[in-house]
Amino acid sequence: MPVTLIEFPEAMEREVRLIEGTAPDAMVETAWRRLDEDLAPSALATAAGLAASRSMDLPPGHHGGPVHVVSGLHAIASLAGRLPGKKGRLPAVQVAALANTFIHDPRMGPVATVALTPAETDGRDKSEILADLSSAIARRWSLEAERGLLAALDVAEPGEILEALLPVALRRNQLDDHYLLYPIYAFRACDSLGWEWAEAILRPVVRYLARHPLTDAVGEVRLPNILEGTRLYHDFQALEDLIEAHGLTEDRVPIRTSESELPAVETLAERIAAVPDIREIGGLVAEAMGEGLSLEGAVDALSYGGGMLYLRCHSGNPFEVHIHTGVSARRYLVGLDGISFRSRAIALLNWCLGLEVRYLTPKLTLPIKAEATCMAALPERNQEDL
């Protein structure tokens, strides 16, 4: 069988090659010139995601490669649509420059992605195809997983495919949040830019999940966090035990929230914000859902309480952004058709266990609320002033 490389329709292929082939110091100017001609910012962002996905290797961790380029595409598309005039170009130019820089980094690129044929279905139904995809990822057989993905894209809905990735992605969240965030935000990228690009964007995702997880130490600074993540990874049953202990079942925990839940949401959010150890939050969420709080209500409480945790952190470290991106990812999961109740529940309970969320416990040094005298000393400002 001859080896061929993955290619895109002519118009998109031209833009992808522009990002792959332009010298890094000329990428911003080149991208801006193309936007001055006839290219839409959304097409430039799509080209960046496609170039990153087909022309970069995945480094041992999560820094570099397509992970952050693709994970940002949903936000970039949304932001470009909100900014007025030529300001709407800036997010697309930024992601094009990032993809280009990574491709030209010898630690990541360039690589060539081979075109694949889908796995043989042999008359199997959709559930069997999805089970085979999930099994290939769990067995770390990346080529079979990629071919299984292509077969699944032909027969299954996005939520059903994502559900097949979650057994590995959810468990590895404790090792590194990106094992869960990258798949979810890659699916959101396809939602925003078009599912016709799913093959290129999602193949690296299943390859990322199908490789051996990083469970050993990388440098003395990360050693305690890596060891803790490894322990939590192997103690995944603790999350199942929380579900069992609080009676969290599909018939007892509703999906949708309502205004009547606002007091319960606020109470849980304040409990989340006050924890001395972020790892305690899963138990608080399980308890609240056991008392009747919906899945959406739990997400709202994580968002509100997580925002207050963010304000307690003193460091200003980029880690802290995962408080918010982790909640947004789980909001997407809760609302997506095809995701099982168990996966939704586990995702809510393990938000606090991801490396880049639980890492912040020693950073929680600022008070939950400012003292009254401090607030009184601030100048009065109305909304317009702010």
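When a residue number appears, it is its place in the shown sequence, counting from 1. Being a predicted model, the structure only gives us computed values, none of them experimental. Keep in mind that the numbers below use all heavy atoms, side chains included, and drop hydrogens, waters and symmetry copies.
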**OP:** Look only at the side chain of Arg312 and the backbone of Thr365, and say whether a donor-acceptor pair between them is shorter than 3.5 Å.
**Re:** no

Original post:
Considering all heavy atoms of both residues, which atom of Leu268 and which atom of Ala301 are nearest to each other, and what is their separation?
Top reply: CD2-CB, 3.5 Å

Subject >> Check: Glu163 side chain, Ser340 main-chain N or O, donor-acceptor pair, under 3.5 Å >> reply: yes

Original post:
How about His62 and Tyr182: are their ring centres within less than 6.0 Å of each other?
Top reply: no

Original post:
Which residues satisfy the side chain to side chain contact (heavy atoms under 4.5 Å, CB included) test with Glu270, sequence neighbours excluded?
Top reply: Glu266, Met308

**OP:** Return yes if some donor-acceptor pair links the side-chain N/O of Arg147 with the main-chain N/O of Thr117 below 3.5 Å, else return no.
**Re:** yes

Original post:
Are any of the side-chain nitrogens in Lys86 or Asp36 under 4.0 Å away from the carboxylate oxygens of its partner?
Top reply: yes

Original post:
Is there a donor-acceptor contact under 3.5 Å linking the side chains of His74 and Asp191?
Top reply: no

Subject >> Straight-line distance of Thr121 OG1 to Asp154 CG, nearest 0.5 Å >> reply: 9.0 Å

Subject >> Between Arg139 and Ser135, a side-chain donor and acceptor under 3.5 Å >> reply: yes

Original post:
With a 4.5 Å limit on heavy-atom distance, are the side chains of Arg54 and Val16 in contact?
Top reply: yes

Subject >> Separation between CD1 of Ile339 and CG of Leu336, rounded to the nearest 0.5 Å >> reply: 4.5 Å

Subject >> N-O pairing of Arg17 and Glu20 below 4.0 Å >> reply: no

Original post:
Would Asn350 and Arg358 count as having a side-chain donor-acceptor pair, cut-off 3.5 Å?
Top reply: no

Original post:
Can we say Arg34 and Glu37 salt-bridge, meaning some charged N sits less than 4.0 Å from an Asp/Glu carboxylate O?
Top reply: yes

**OP:** Give the C-alpha distance, both sets of side-chain angles, the deciding distance and a yes or no for side chain to side chain contact (heavy atoms under 4.5 Å, CB included) between Leu5 and Thr113.
**Re:** CA-CA 6 Å; Leu5 302 182; Thr113 300; over 6 Å; no

Original post:
Minimum heavy-atom separation for Ala47 to Glu15, with atom names?
Top reply: CB-CB, 3.8 Å

Original post:
Going hydrophobic residue to hydrophobic residue with side-chain gaps under 4.5 angstrom, can you get from Val206 over to Leu153?
Top reply: yes

Using atom types as modelled, flag every donor-acceptor pair under 3.5 Å from a side chain in residues 379-386 to any protein atom, sequence neighbours excluded.
unit_1 : atom_1 : unit_2 : atom_2 : d
Asn382 : OD1    : Glu384 : N      : 3.1
Asn382 : OD1    : Asp385 : N      : 2.7
Asp385 : OD2    : Asn382 : N      : 3.4

**OP:** Answer yes or no for Arg172 and Tyr233: cation-pi contact, defined as NZ/CZ to six-membered ring centre under 6.0 Å and angle to ring axis within 45°.
**Re:** no

Original post:
Relative to the ring of Phe187, is the ring of Trp195 parallel (under 30°), tilted (30 to 60°) or perpendicular (over 60°)?
Top reply: perpendicular

Subject >> hydrophobic_cluster_shared for Val275 and Tyr310, side chain cutoff 4.5 Å >> reply: yes

**OP:** Sequence neighbours left out, what passes side chain to side chain contact (heavy atoms under 4.5 Å, CB included) with Glu128? Give chain and number order.
**Re:** Arg124, Asp125

**OP:** Report yes or no: do His68 and His178 form a side-chain donor-acceptor pair below 3.5 Å?
**Re:** yes

Original post:
Got a salt bridge between Arg342 and Glu250, using NZ or NE/NH1/NH2 to carboxylate O under 4.0 Å?
Top reply: no

Original post:
Does Leu348 belong to the same Ile/Leu/Val/Met/Phe/Trp/Tyr cluster as Ile243, with side-chain heavy atoms less than 4.5 Å apart forming each link?
Top reply: yes

**OP:** Would you check if Ile281 and Leu309 make a side-chain contact, meaning some heavy-atom pair closer than 4.5 Å?
**Re:** yes

Original post:
Tell me, do Leu170 and Ser343 make a side-chain contact under 4.5 Å, heavy atoms counted?
Top reply: yes

Original post:
Under the 4.5 Å side-chain heavy-atom rule for ILVMFWY, direct or indirect, which residues accompany Leu79?
Top reply: Leu83

Original post:
Considering all heavy atoms of both residues, which atom of Pro213 and which atom of Leu175 are nearest to each other, and what is their separation?
Top reply: CB-CD1, 3.7 Å

Subject >> Heavy-atom pair with the smallest gap, counting every atom of Ala186 and Leu202 >> reply: CB-CD2, 3.8 Å

Original post:
Taking the side chain from Ser134 and the backbone from Leu130, do they hold a donor-acceptor pair closer than 3.5 Å?
Top reply: no

Tell me which donor-acceptor pairs under 3.5 Å the side chains of residues 99-112 have, and how far apart each pair is, sequence neighbours excluded?
unit_1 : atom_1 : unit_2 : atom_2 : d
Asn100 : ND2    : Ile19  : O      : 2.8
Asn100 : ND2    : Thr22  : O      : 2.7
Thr101 : OG1    : Ala97  : O      : 2.8
His104 : ND1    : Asn100 : O      : 2.9
His104 : NE2    : Thr22  : O      : 3.4
Asp105 : OD1    : Arg107 : N      : 2.9
Asp105 : OD1    : Arg107 : NE     : 3.1
Asp105 : OD2    : Arg107 : NE     : 3.3
Asp105 : OD2    : Arg107 : NH2    : 2.6

Original post:
Quick one: are Trp351 and Ile323 in side-chain contact, heavy atoms under 4.5 Å?
Top reply: yes

**OP:** Please examine the side chains of Arg279 and Thr361, heavy atoms only from C-beta on, and report whether any two atoms are closer than 4.5 Å.
**Re:** no

Subject >> With Tyr185, the side chain to side chain contact (heavy atoms under 4.5 Å, CB included) member among Leu73, Val70, Thr325, Val67 >> reply: Thr325

Subject >> Exceeds 12 heavy-atom contacts within 6.0 angstrom, atom CD of Gln237 >> reply: yes

Original post:
Considering only heavy atoms from C-beta outward, does the side chain of Trp197 approach that of Leu50 to under 4.5 Å?
Top reply: yes

**OP:** Check whether any side-chain heavy atom of Glu228 lies under 4.5 Å from a side-chain heavy atom of Arg231, and answer yes or no.
**Re:** yes

**OP:** Taking the side chain as every heavy atom from C-beta outward, state whether Phe341 and Ile255 have any pair of such atoms under 4.5 Å apart.
**Re:** no

**OP:** Could you walk me through whether Ile184 and Arg330 pass side chain to side chain contact (heavy atoms under 4.5 Å, CB included), step by step?
**Re:** CA-CA 9 Å; Ile184 291 176; Arg330 286 156 175 84; 5.9 Å; no

Subject >> Glu13 atom CD, neighbour heavy-atom count above 12 within 6.0 Å >> reply: yes

**OP:** Dump the intermediate steps for salt bridge (Lys or Arg N to Asp or Glu O under 4.0 Å) on Arg14 and Glu10, then the final yes or no.
**Re:** CA-CA 6 Å; Arg14 181 176 63 249; Glu10 183 179 356; 5.1 Å; no

**OP:** State, to 0.1 Å, how close Leu366 and Cys313 come at their nearest heavy-atom pair, and which atoms those are.
**Re:** CD1-O, 3.7 Å

**OP:** Determine whether Leu180 and Ile278 fall in the same hydrophobic cluster, where Ile, Leu, Val, Met, Phe, Trp and Tyr are linked whenever their side-chain heavy atoms lie under 4.5 Å apart.
**Re:** yes

**OP:** Identify the two heavy atoms, one from Ala52 and one from Val69, that lie closest to each other, and give their separation to 0.1 Å.
**Re:** CB-CG1, 3.7 Å

Subject >> side chain to side chain contact (heavy atoms under 4.5 Å, CB included) evaluation trace for Leu90 with Val93 >> reply: CA-CA 5 Å; Leu90 295 175; Val93 171; 5.5 Å; no

Could you tabulate the donor-acceptor pairs under 3.5 Å formed by side-chain atoms of residues 284-296, not counting sequence neighbours?
unit_1 : atom_1 : unit_2 : atom_2 : d
Ser294 : OG     : Arg256 : O      : 3.4
Ser294 : OG     : Glu261 : OE1    : 2.7
Ser294 : OG     : Glu261 : OE2    : 3.4
Ser294 : OG     : Gly297 : N      : 2.9
Glu296 : OE1    : Thr257 : N      : 3.0
Glu296 : OE2    : Arg256 : NH1    : 2.7

Original post:
Roughly how far apart are Leu360 CG and Asp277 CG, rounded to 0.5 Å?
Top reply: 11.5 Å

Original post:
Quick one: do Leu311 and Val357 end up in the same hydrophobic cluster if we chain Ile, Leu, Val, Met, Phe, Trp and Tyr together by side-chain heavy atoms under 4.5 Å apart?
Top reply: no

